[in-house]
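In what follows, a single structure is set out as structure tokens and then discussed.
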Protein chains: 2
Amino acid sequence: MPPRRPLTLRDVSEASGVSEMTVSRVLRNRGDVSAATRDKVLEAARTLGYVPNKIAGALASQRVNLVAVIIPSLSNMVFPEVMTGISNVLDETDLQPVVGVTNYQPARAEKVLYEMLSWRPSGVIIAGLEHTDAARAMLRSADCPVVEIMDIDGDPVDAMVGISHRRAGRMMAQAIVEAGYKRIGFLGTKMPLDHRARKRFEGFTEALAKAGLEVEDQQFYEGGSGMTKGREMTAEMLKRCPDLDFLYYSNDMIGAGGLMYCLDQGIDIPNSLGMAGFNAVELLGGLPMQLATMDACRTEIGEAAARIIATRAEDPSGGGGECIELTPTVAHGDTLRAV
Amino acid sequence: MPPRRPLTLRDVSEASGVSEMTVSRVLRNRGDVSAATRDKVLEAARTLGYVPNKIAGALASQRVNLVAVIIPSLSNMVFPEVMTGISNVLDETDLQPVVGVTNYQPARAEKVLYEMLSWRPSGVIIAGLEHTDAARAMLRSADCPVVEIMDIDGDPVDAMVGISHRRAGRMMAQAIVEAGYKRIGFLGTKMPLDHRARKRFEGFTEALAKAGLEVEDQQFYEGGSGMTKGREMTAEMLKRCPDLDFLYYSNDMIGAGGLMYCLDQGIDIPNSLGMAGFNAVELLGGLPMQLATMDACRTEIGEAAARIIATRAEDPSGGGGECIELTPTVAHGDTLRAV
DNA sequence: GTGAAAGCGCTAACAG
DNA sequence: CTGTTAGCGCTTTCAC
């Protein structure tokens with residue numbers, strides 16, 4: 001057995017007695033090749049176990065079938081769902097998503113972006129509208145479509161697809177006000193790290209203000225959002241302010257923890273206390289009570305974003321600056337009184 | 001503004017008055033370059049907004065800093081945790097993970113693998129030991145380290161890192177037997193789709209048999225494992241076999257759903273009924289009762305796998321065929337009586 | 001329908 | 001410390 005050297009087109013060419021060029025044509029289903037030649041080539045390629053070298057191919061053709069997807073985390077169920085949407089659409093094309101994770105760190109985001117752009121992807125899908133100056137500069141001069149997703153409250157570099165978190169916050173506030181709750185507490189992530197949560201909170205307080213109300217107590221946390229965290233924070237807040245009649249959580253996981261705590265305590269939900277989260281986490285479907293929440297249209301966002309990239313990959317001249325706003329809906333569940 | 005053409009080294013070379021080769025050295029921190037030249041180059045590169053073309057670089061250097069990670073799903077929290085482990089280690093190197101998702105479909109796995117191998121990655125990390133013949137063939141002839149993860153009950157193509165699911169099943173069975181439970185039901189995914197669950201089940205029944213017991217009832221499902229599913233299945237099984245005294249679930253999510261159901265029903269856990277899952281999902285920390293479970297060492301698996309790749313990337317001659325078995329531990333939680 | 005030549009943008013290897 | 005030369009493996013372009 002000769003020292004293993006990666007197979008090249010030339011090997012297939014020699015094995016099949018067909019020129020490299022024609023082998024290349026066959027392997028890419030390009031141009032007219034006689035059935036006989038095609039068979040010879042495919043046969044040779046398969047028995048050799050040839051895998052084309054996309055690096056060389058991409059360099060020569062100036063075409064890369066990769067789409068860079070840059071997200072803050074995989075642990076937050078939101079992003080896997082966005083990925084599902086993206087895959088749903090890209091699977092129909094020859095584009096391939098490549099995922100980069102930033103862990104909510106702007107510095108990492110910059111590095112991941114740089115790294116991915118250096119592979120000259122056919123498109124970039126990136127979470128959020130807030131980026132460092134350097135990242136924005138890279139996105140702007142990237143020679144491919146850029147879709148910023150999840151959020152539309154801001155100025156995109158190119159295209160954007162998402163929901164208005166400010167509006168989402170307002171909608172939830174309105175539902176709460178309409179249901180007659182008055183003494184409202186907020187529990188969520190530390191804002192500077194989470195722009196979308198901040199915008200929801202802003203919309204939320206704004207709509208409360210319009211109804212003459214304000215948030216009576218608030219508490220912020222850092223780190224992973226498990227149910228444990230929600231449980232602890234809820235216990236603390238209710239100890240501090242026992243007369244609250246509603247708790248608004250920045251996401252469903254901590255909300256579910258809070259809900260479990262309240263049920264343990266025998267609190268009468270949703271009458272003496274209402275609760276709501278954000279994000280419609282379906283994993284939580286089995287809880288004894290359904291938390292009020294709001295669907296953030298994650299799969300749809302991924303699909304729409306991917307569609308923009310795919311469309312422009314087909315026709316690079318068209319498109320640009322697309323802006324797609326999706327509309328979330330409030331689910332009252334069992335923890336927010338209907339009116 | 002001239003028609004936008006991607007910047008090349010030559011542009012930086014011209015802008016800085018330094019040869020392409022030296023520019024290249026600076027940008028890669030390679031070899032000795034005088035501080036003066038270095039500054040000129042970096043300055044020029046930054047103001048131009050140059051991003052190197054890794055495609056060309058990789059072709060020339062025959063080196064790619066990508067590690068292909070192939071996993072069945074992102075929705076199953078297991079895999080994001082493995083990814084965390086991988087990132088923990090690769091972040092210290094210049095290697096970059098690239099994720100491909102197969103959705104548990106062998107055909108997709110083949111395609112994703114082919115696609116990734118065609119980019120000539122520095123390593124492959126792939127979930128499971130079971131692959132189609134074509135996939136195995138590709139892995140075998142891939143010219144890079146291949147680490148199969150999660151499971152070690154089988155023959156690896158090259159290296160493997162994981163736990164023995166058969167042993168995990170046995171361990172849980174022993175804990176259950178020792179605790180004195182006798183009438184045991186099993187609820188899990190359809191086996192042909194999930195080799196690791198199957199192996200756990202095999203080990204489980206084997207250890208039960210050794211204690212003179214067998215599974216009294218079992219039920220399988222397909223599709224996403226949310227708490228809802230676990231709740232429904234549990235209700236059905238307990239209706240069918242009300243005298244069961246233990247329920248073993250193939251994962252924590254459905255187990256948690258079952259637990260919620262039983263608590264709703266006022267069943268006395270863990271006395272009249274014990275329960276256990278698999279995978280130590282920490283998101284569930286806030287439930288009123290902690291499900292007995294078993295840690296599958298996901299982060300550690302990712303770390304160990306990445307370390308193998310990183311080590312071999314440094315010294316391509318060394319290594320090969322590493323096999324790392326990690327040992328899970330049983331957590332009794334509140335749903336499995338201690339002895 | 002098929003082949004030959006040129007070069008994609010970078011880096012290895014060597015020369016100064 | 002810096003520059004020159006020759007490809008990396010494929011596809012584009014053009015010729016037959």
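Letters A, B, ... mirror the listed sequences (proteins, then strands); counts begin at 1.
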Worksheet, complete the sentence: Per-helix bend value, the helix from C/dG1-D/dC16 to C/dG16-D/dC1, C1' rotation axes over five pairs per end, 10° rounding, shows 30°
Would you please name every residue forming a side-chain contact (heavy atoms from CB on, under 4.5 Å) with [X], sequence neighbours left out?
X	answer
B/D91	A/R108, B/S87
B/E303	B/N88, B/V89, B/T299, B/R307
B/D39	none

Partners meeting side chain to side chain donor-acceptor pair (under 3.5 Å) with [X] (sequence neighbours left out):
X	answer
B/K54	A/E115
B/S75	none
B/R63	none
A/E110	A/T132

Discussion item. Tell me whether the side-chain N/O atoms of A/T37 come closer than 4.0 Å to OP1 or OP2 in C/dT2.
Written reply: yes
Fill in: Approximate separation, where rounding is to 0.5 Å, of A/I71 CD1 and A/I149 CD1
8.0 Å
Discussion item. With a strict under 4.0 Å distance from non-hydrogen atoms of chain B, what nucleotide opens and what nucleotide closes the contacted stretch of DNA chain D, reading 5' to 3'?
Written reply: D/dC1 to D/dG9
Worksheet item: What string of B, S and - do you get for nucleotides 9-16 of chain C 5' to 3' if you count protein non-hydrogen atoms under 4.0 Å?
Response: BBBBBB--
Response to the item:
Here the salt bridge (Lys or Arg N to Asp or Glu O under 4.0 Å) pairs for residues 71-84 of chain A, sequence neighbours left out, are A/E81-A/R298
Fill in: Under the salt bridge (charged side-chain N to carboxylate O under 4.0 Å, His left out) test, residues paired with B/E322 that sit two or more places apart
B/R312
